[in-house]
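Encoded as structure tokens, the structure appears first; notes follow it.
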Number of protein chains: 2
Amino acid sequence: MSLRHALLGLLVDKPASGYDLLKDFAGSLANVWPATQSQIYTELTKMAAAELITVTDAGPRGRKEYALTDAGLAELRHWLTEIPPNRPQRSDVLLRVFFLGVVDREQAREYLRGLAEKARQEHEELVGILERTDWEGGDLATYGRLALEYGLRFTDTRREWAEWAVDRIRT
Amino acid sequence: MSLRHALLGLLVDKPASGYDLLKDFAGSLANVWPATQSQIYTELTKMAAAELITVTDAGPRGRKEYALTDAGLAELRHWLTEIPPNRPQRSDVLLRVFFLGVVDREQAREYLRGLAEKARQEHEELVGILERTDWEGGDLATYGRLALEYGLRFTDTRREWAEWAVDRIRT
DNA sequence: TCCGCCATGTAAGCGGTTACATGATTGT
DNA sequence: ACAATCATGTAACCGCTTACATGGCGGA
């Protein structure tokens, strides 16, 4: 149930509507916890019913602005520090690697070259974000920077690994 | 629908029963594509209905041995080379990092130290597998080795990142 | 005889994706 | 007047998890 916690986390910063939050998910959270419009609105309704958030304002076009309650903040802290991150990581990319033996070696190398190239592109995109963003002040900036660094190192490692793997498949 | 392809991939090597396959998922595939007993049996039934696999033998205790059909192998190759790996990666670990600002700095450091330690442990486990396994011959060995290397590099990068992150949170 | 393993199957529920559906407001 | 954007909601479907349920076979 981490979508719930993502929403709580975003609402710590400032009250927001479903529509506002949707934009956060399209932006900084897109690479960490993607969520769809449908999902967000449904979850916000449930969270309001559970009194983790409350409607604090109503704007035009039926806009509802939600804010965190004390119970919501407590739930977020509880999740952060006490819930073990136990999500089993699936990787269809690695799964394909496992079975590359069913295609010929040249196709296998081609697949791995593609992975390297994709990793390189993703890395560049993240470098772009690094350069374009102001990392001064604010908790979200501080910790967002850590998350970005994770992405930078991860994409770099992934590229190096794929290049190494291409070399290992010798005829 | 990658569980289907994982099963197809395993059946390339040799025919097997649901029970046999279950053990593969508990072993080498546990870190790549976890699956439960319930899921495996259900999917095998569907795959047999779709004629991607067929029952080739029946053992004691109702054991059914499945083998790949030509259509099954074709489907596996198609998935390997032509289906873009587009699975959005969610990470509740990184999500927590994003919101570490809601707990105090010492707790944040503690969390990151825990991540570093966990990465170190996972790395050691993989080193154990590396040393215990015979990597000679066979496609599964060759490509399994690539997958393992990915795990080794990834866990190492993760540990380094977490240690770096701890240092960055200064009071 | 009895325990452990072999072996399969089903049902309830949840989170996520895709698609459908509606309508108000603002700026040009 | 019209398009773009703001703004919310719902329904069908799918894959995964957890739990329940059943029973045969082999070795100690």
Side-chain angles (χ1 to χ4, degrees), chain A residues 1-8 10 15-27 29-50 52-53 55-66 79 83-92 95, chain B residues 1-8 10 15-27 29-50 52-53 55-66 79 83-92 95:
Chain A
M1 264 228 287
S2 288
L3 170 62
R4 171 165 297 198
H5 301 107
L7 290 166
L8 289 172
L10 289 171
S17 67
Y19 194 81
D20 295 335
L21 293 164
L22 183 57
K23 280 181 290 185
D24 288 328
F25 279 92
L29 282 186
N31 296 309
V32 173
W33 203 270
T36 60
Q37 173 264 349
S38 158
Q39 223 183 328
I40 291 168
Y41 284 109
T42 308
E43 188 61 31
L44 284 172
T45 306
K46 284 187 203 160
M47 287 162 74
L52 298 170
I53 57 177
V55 177
T56 51
D57 195 16
R61 281 166 287 208
R63 176 192 167 94
K64 284 184 282 183
E65 198 166 74
Y66 294 97
W79 169 76
I83 308 294
N86 239 345
R87 193 159 283 282
Q89 292 286 2
R90 287 185 171 79
S91 165
D92 63 337
L95 189 59
Chain B
M1 265 230 286
S2 288
L3 170 61
R4 169 163 298 198
H5 301 108
L7 291 166
L8 290 172
L10 290 172
S17 68
Y19 194 79
D20 294 335
L21 294 164
L22 183 57
K23 280 181 289 185
D24 287 329
F25 278 93
L29 282 185
N31 296 309
V32 172
W33 202 271
T36 60
Q37 172 264 349
S38 159
Q39 221 183 330
I40 291 168
Y41 284 110
T42 308
E43 189 61 31
L44 284 172
T45 306
K46 284 187 203 160
M47 287 162 74
L52 298 171
I53 56 177
V55 178
T56 50
D57 194 17
R61 281 166 286 204
R63 175 190 167 96
K64 285 185 282 184
E65 199 165 74
Y66 294 98
W79 170 77
I83 307 293
N86 238 345
R87 194 158 284 282
Q89 292 287 2
R90 287 185 172 78
S91 166
D92 64 338
L95 189 59

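Order of the sequence lines sets the chain letters (A, B, ...), proteins ahead of strands, with each chain counted from 1.
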Checklist line | side chain to side chain contact (heavy atoms under 4.5 Å, CB included) between H5(A) and L8(A), worked out | finding: CA-CA 5 Å; H5(A) 301 107; L8(A) 289 172; 4.1 Å; yes
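- The side-chain contact (heavy atoms from CB on, under 4.5 Å) check on A26(B) picks up nothing, with sequence neighbours excluded.
- Going from atom CD1 of I40(A) over to atom P of dC6(D) covers 15 Å, rounded to whole Å.
- When rounded to the nearest whole Å, the span between CG of L22(B) and P of dG9(C) equals 13 Å.
- Nearest nucleotide to the D20(A) side chain, out of dA7(D), dC5(C), dG9(C): dA7(D).
- Using a 4.5 Å heavy-atom threshold, the side chains of L7(B) and I53(B) count as separate.
- One interatomic measurement links the two molecules: CE of M47(B) to P of dT8(C), which rounds to 14 Å at whole-angstrom precision.
- One finds no side-chain N or O of R63(B) lying less than 4.0 angstrom from the OP1 or OP2 phosphate oxygen of dC6(C).
- Y41(B) has no side-chain polar atom (N or O) that falls below the 4.0 Å cut-off from OP1 or OP2 of dG9(C).
- One can place CG of L44(A) at 15 Å from C1' of dG15(C), the figure rounded to the nearest angstrom.
- Distance R4(A) CZ to dC14(C) P: 12 Å, rounded to the nearest Å.
- In this structure, CG in D92(A) is found 13.5 Å from CE in M1(B), a value given to the nearest 0.5 Å.
- Judged as a side-chain contact (heavy atoms from CB on, under 4.5 Å), and not counting sequence neighbours, A30(B) has no contacts.
- The separation between K64(A) atom NZ and dT8(D) atom C1' is 7 Å, rounded to whole Å.
- The CG atom of D24(A) sits 14 Å away from the P atom of dC6(D) (whole-angstrom rounding).
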Hey, can you pull the donor-acceptor pairs under 3.5 Å for the side chains in residues 32-41 of chain B, sequence neighbours left out?
unit_1	atom_1	unit_2	atom_2	d
T36(B)	OG1	Q39(B)	N	3.4
Q39(B)	OE1	T36(B)	N	3.3
Y41(B)	OH	Y19(B)	N	3.4

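- If you take CG of N86(B) and C1' of dT17(C), they are 13 Å apart, rounded to a whole angstrom.
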Note to self: Go through it in stages, so that I can follow the logic: the residues are T56(A) and Y66(A), the test is side chain to side chain contact (heavy atoms under 4.5 Å, CB included), and I'd like the CA-CA distance, side-chain angles, deciding distance and then a yes or no.
What the structure shows: CA-CA 6 Å; T56(A) 51; Y66(A) 294 97; over 6 Å; no
Margin query: Does the protein touch nucleotides 21-28 of chain D at the base, only the backbone, or not at all? Give it as B, S and - per nucleotide, heavy atoms under 4.0 Å.
Written below: ---BB---
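- Applying the side-chain contact (heavy atoms from CB on, under 4.5 Å) test to D20(B) and every residue at least two apart in sequence or in another chain returns A16(B), S17(B), K23(B), R63(B).
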Note to self: Before you tell me yes or no, could you show the steps for R4(B) and L52(B) under side chain to side chain contact (heavy atoms under 4.5 Å, CB included), namely the whole-Å CA-CA distance, both residues' side-chain angles and the distance that decides it to 0.1 Å?
What the structure shows: CA-CA 10 Å; R4(B) 169 163 298 198; L52(B) 298 171; 3.7 Å; yes
Atom pairs under 3.5 Å: protein N/O with N/O of nucleotides 11-17 of chain D:
unit_1	atom_1	unit_2	atom_2	d
dA11(D)	N6	S38(A)	OG	3.3
dC16(D)	OP2	Q39(B)	NE2	2.5
dC16(D)	O5'	Q39(B)	NE2	2.9
dC16(D)	O3'	R90(A)	NH2	3.3
dT17(D)	OP1	R90(A)	NH2	3.1
dT17(D)	OP2	R90(A)	NH2	3.3
dT17(D)	OP2	Q39(B)	OE1	3.2

